[in-house]
Amino acid sequence: MVENGEIGAVLIDESATLKRIYYYPDQNKLILSPENPKYAPLVYMGAELDSIRILGKAVAFLGNL
């Protein structure tokens, strides 16, 4: 389960990405927000949600920044 504001692994069509997730069921709206401020959030509504699958929650990051 991924709560609003947490980072999740998301499959969009055939591409996987890590994004901060905000889901609003009353509006049938999903916002995928990148951590990099150079990129705009991705917004999906209604039938567009059919192409989205949340694979899981990111719990750790290992690597050099």
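FYI, side chains are in, hydrogens and waters are out, and symmetry mates aren't considered; it's all heavy atoms of this structure.
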TODO: Output every pair passing salt bridge (Lys or Arg N to Asp or Glu O under 4.0 Å) with a member in residues 20-42, not counting sequence neighbours, ordered by first then second residue.
DONE: R20-E35
Less than 3.5 Å apart, which donor and acceptor atoms pair up between the side chains of residues 4-19 and the rest of the protein, not counting sequence neighbours?
{"residue": "N4", "atom": "OD1", "partner": "Y23", "partner atom": "N", "Å": "2.7"}
{"residue": "N4", "atom": "ND2", "partner": "Y23", "partner atom": "O", "Å": "3.2"}
{"residue": "E6", "atom": "OE1", "partner": "E3", "partner atom": "N", "Å": "2.7"}
{"residue": "T17", "atom": "OG1", "partner": "K19", "partner atom": "NZ", "Å": "2.9"}

Under 3.5 Å donor-acceptor pairs involving side-chain atoms of residues 41-61, not counting sequence neighbours:
{"residue": "E48", "atom": "OE1", "partner": "M45", "partner atom": "N", "Å": "2.9"}
{"residue": "S51", "atom": "OG", "partner": "E48", "partner atom": "O", "Å": "2.9"}

